[in-house]
Enquirer: 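Structure below; questions to follow.
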Amino acid sequence: MNRRDFIRTSATFTAGTVLVNCRTADKHLIHFEVHGQEDGVPLFLGFPLMASYAEIFGPEQAAVKDGFLSRLTDRYRVLLVDYPNVGRTMVPAPAEMTPDRVYADLLSVADAAGFDRFACCGHLWGAINGLILASRSDRVSALICGTWPPLGAPYADMLRGIEVQLAEPPPHAMVILRNPDQYAQWHTFYSAMQDWPEAEVAAAINCPRIALIGSNAESSVAGIPLRLVERLREARPALEAMGWTVREIPGAETAAILDPAVMVPEMRAFLERIEG
């Protein structure tokens, strides 16, 4: 897929916000939003935040998205996207959600948003997306790899847990999925990540980069603990030798990734330090 093969189909401008759809090469819409002033520093804010966050999780959750934007848009032009196959976006199909497809789709969104170079921030699956973008494109100016170790990551455990849950996806996954069959998208994605050369990737990324995690952050899939903090601590010496910054947020749990009062100060401290 050519990432520049897109068509803008609609745009609404209100109070510094742009709501836009773009079409991928296979003619499917991806919905995204751009918030902030035109001269703001471009920041692609990825999963688990999404453009239609309140529509997906309910209006009572609107404060999450609003909290991030209110703390960022004074300086940053923030890009949010509904992806994968959530909210107002209907792609990709489960069998098509390979890392190559994710890379092409997200860069198509960046193109449509007018983001030539941009800082990238995501957590968990969103952090993996950031690693893919930063390792394959020179357009990522800074990377915040949140709640996921760039080295020693549990790709095999993720796949094993997903295989256990394929027949009956867990309730928390169904909050964002359109139907149970869509859960297979994660099987497609993590199957393709089993041979991911993470040491080569982590060493090759040369933009300013930080691995950021709460000191009490943990996650599991199908009861299989992912040991995210432990894995990052084990990888820390090697990452720092490669030029990564590694930062633990004292006392923060996994839920902090959706707490703007916790996350935005960390994001801004890193980004503003490298912006000068």
Side-chain angles (χ1 to χ4, degrees), residues 1-3 5-7 9 21-33 46-61 64-65 80-109 112 122-133 147-148 153-196 219-226 228 254-255 257-258:
M1 180 187 301
N2 186 328
R3 69 175 185 269
D5 186 3
F6 67 86
I7 303 171
T9 58
N21 292 322
C22 72
R23 289 188 186 272
T24 65
D26 56 1
K27 309 304 180 186
H28 287 89
L29 290 174
I30 298 178
H31 175 73
F32 64 92
E33 298 177 358
F47 187 93
L49 289 170
M50 289 161 270
S52 301
Y53 195 86
E55 295 175 26
I56 296 166
F57 294 101
E60 67 278 3
Q61 294 297 315
V64 172
K65 174 182 165 184
L80 296 168
V81 62
D82 285 350
Y83 194 84
N85 206 336
V86 294
R88 303 183 198 181
T89 294
M90 302 291 287
V91 292
E96 298 172 1
M97 205 177 89
T98 63
D100 286 346
R101 174 61 184 262
V102 171
Y103 172 78
D105 283 350
L106 294 182
L107 279 193
S108 288
V109 171
H123 292 266
L124 299 170
W125 185 71
I128 303 171
N129 294 173
L131 290 166
I132 293 170
L133 289 171
T147 323
W148 190 261
Y155 296 110
D157 288 339
M158 286 297 302
L159 181 60
R160 185 159 55 98
I162 287 161
E163 288 174 340
V164 170
Q165 298 178 153
L166 265 178
E168 188 175 350
H172 72 268
M174 292 308 303
V175 172
I176 65 171
L177 300 184
R178 301 182 191 280
N179 57 67
D181 291 342
Q182 191 187 340
Y183 189 74
Q185 67 188 8
W186 304 115
H187 189 268
T188 300
F189 183 84
Y190 284 104
S191 292
M193 292 297 292
Q194 295 308 297
D195 296 324
W196 173 251
S219 188
S220 65
V221 57
I224 301 169
L226 299 180
L228 299 175
T254 308
I257 65 178
L258 292 172

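The figures here come from the full heavy-atom set of this structure, side chains too, leaving out hydrogens, waters and symmetry mates. Everything numeric in this text was worked out from a predicted model, so none of it was measured. This chain uses plain numbering: 1 for the first residue, then up along the sequence.
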Enquirer: Quick one: does V102's side chain get under 4.5 Å of P84's, heavy atoms only?
Expert: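 Answer no - side chains too far apart.
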Enquirer: Taking the side chain from T188 and the backbone from P94, do they hold a donor-acceptor pair closer than 3.5 Å?
Expert: yes
Enquirer: Evaluate the side-chain proximity of S220 to D157: yes if any heavy-atom separation is below 4.5 Å, no if none is.
Expert: no
Enquirer: Would you say that P48 contacts I257 through its side chain, given a criterion of any heavy-atom pair below 4.5 Å between the two side chains?
Expert: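 Touching, per the 4.5 Å side-chain cut-off.
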Enquirer: Closest approach of Q194 and A156, non-hydrogen atoms and distance?
Expert: OE1-CA, 3.3 Å
Enquirer: Do you know which two heavy atoms are closest between N179 and M174, and how far apart they sit?
Expert: C-CE, 3.7 Å
Enquirer: Pick out which of D82, L258, V86, L80 makes a side-chain contact (heavy atoms from CB on, under 4.5 Å) with Y53.
Expert: L258
Enquirer: Taking C-beta and beyond as the side chain, do V81 and H31 meet within less than 4.5 Å on heavy atoms?
Expert: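 Contact flag for V81/H31 side chains = no.
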Enquirer: Could you measure the distance from the CD atom of E163 to the OG atom of S191? Nearest 0.5 Å is fine.
Expert: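 Atom-to-atom, E163:CD and S191:OG are 6.5 Å apart.
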Enquirer: Evaluate side chain to side chain contact (heavy atoms under 4.5 Å, CB included) for Y103 paired with T98, printing each intermediate quantity in order.
Expert: CA-CA 9 Å; Y103 172 78; T98 63; over 6 Å; no
Enquirer: In Å and rounded to the nearest 0.5 Å, what is the CG to CD distance from N85 to Q182?
Expert: 4.0 Å
Enquirer: Can you tell me how far apart CG (N129) and CG (L106) are? Round to the nearest 0.5 Å.
Expert: 5.5 Å
Enquirer: State, to 0.1 Å, how close M50 and K65 come at their nearest heavy-atom pair, and which atoms those are.
Expert: O-CD, 4.0 Å
Enquirer: Sort out for me which residue in W148, W186, Y155 forms a ring pair (Phe, Tyr, Trp, His ring centres under 6.0 Å) with W125.
Expert: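 The ring pair (Phe, Tyr, Trp, His ring centres under 6.0 Å) with W125 is passed solely by W186 among W148, W186, Y155.
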Enquirer: Kindly state each residue pair satisfying side-chain hydrogen bond (donor to acceptor under 3.5 Å, both in side chains) with at least one member in residues 165-176, sequence neighbours excluded.
Expert: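 Residue pairs passing side-chain hydrogen bond (donor to acceptor under 3.5 Å, both in side chains), neighbours aside: Q165-Y183.
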Enquirer: Just do the side chain to side chain contact (heavy atoms under 4.5 Å, CB included) check on W196 and I132 with the steps written out, would you?
Expert: CA-CA 10 Å; W196 173 251; I132 293 170; 3.8 Å; yes
Enquirer: Of all the heavy-atom pairs spanning L226 and M158, show the shortest one and how long it is.
Expert: CD1-SD, 3.6 Å
Enquirer: Give the minimum heavy-atom separation between L29 and V91, together with the two atoms involved.
Expert: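 So the two residues come closest at O-CG2, 3.9 Å.
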Enquirer: Among all residues two or more places apart in sequence or in another chain, which pass the ring pair (Phe, Tyr, Trp, His ring centres under 6.0 Å) test with Y83?
Expert: none
Enquirer: Work out which heavy atom in Q185 is nearest to a heavy atom in P92; give both atom names and the distance.
Expert: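 Here Q185 and P92 meet closest at OE1-O, 4.4 Å.
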Enquirer: Show me the pairs that pass salt bridge (Lys or Arg N to Asp or Glu O under 4.0 Å) and involve residues 174-196, at least two apart or across chains.
Expert: none
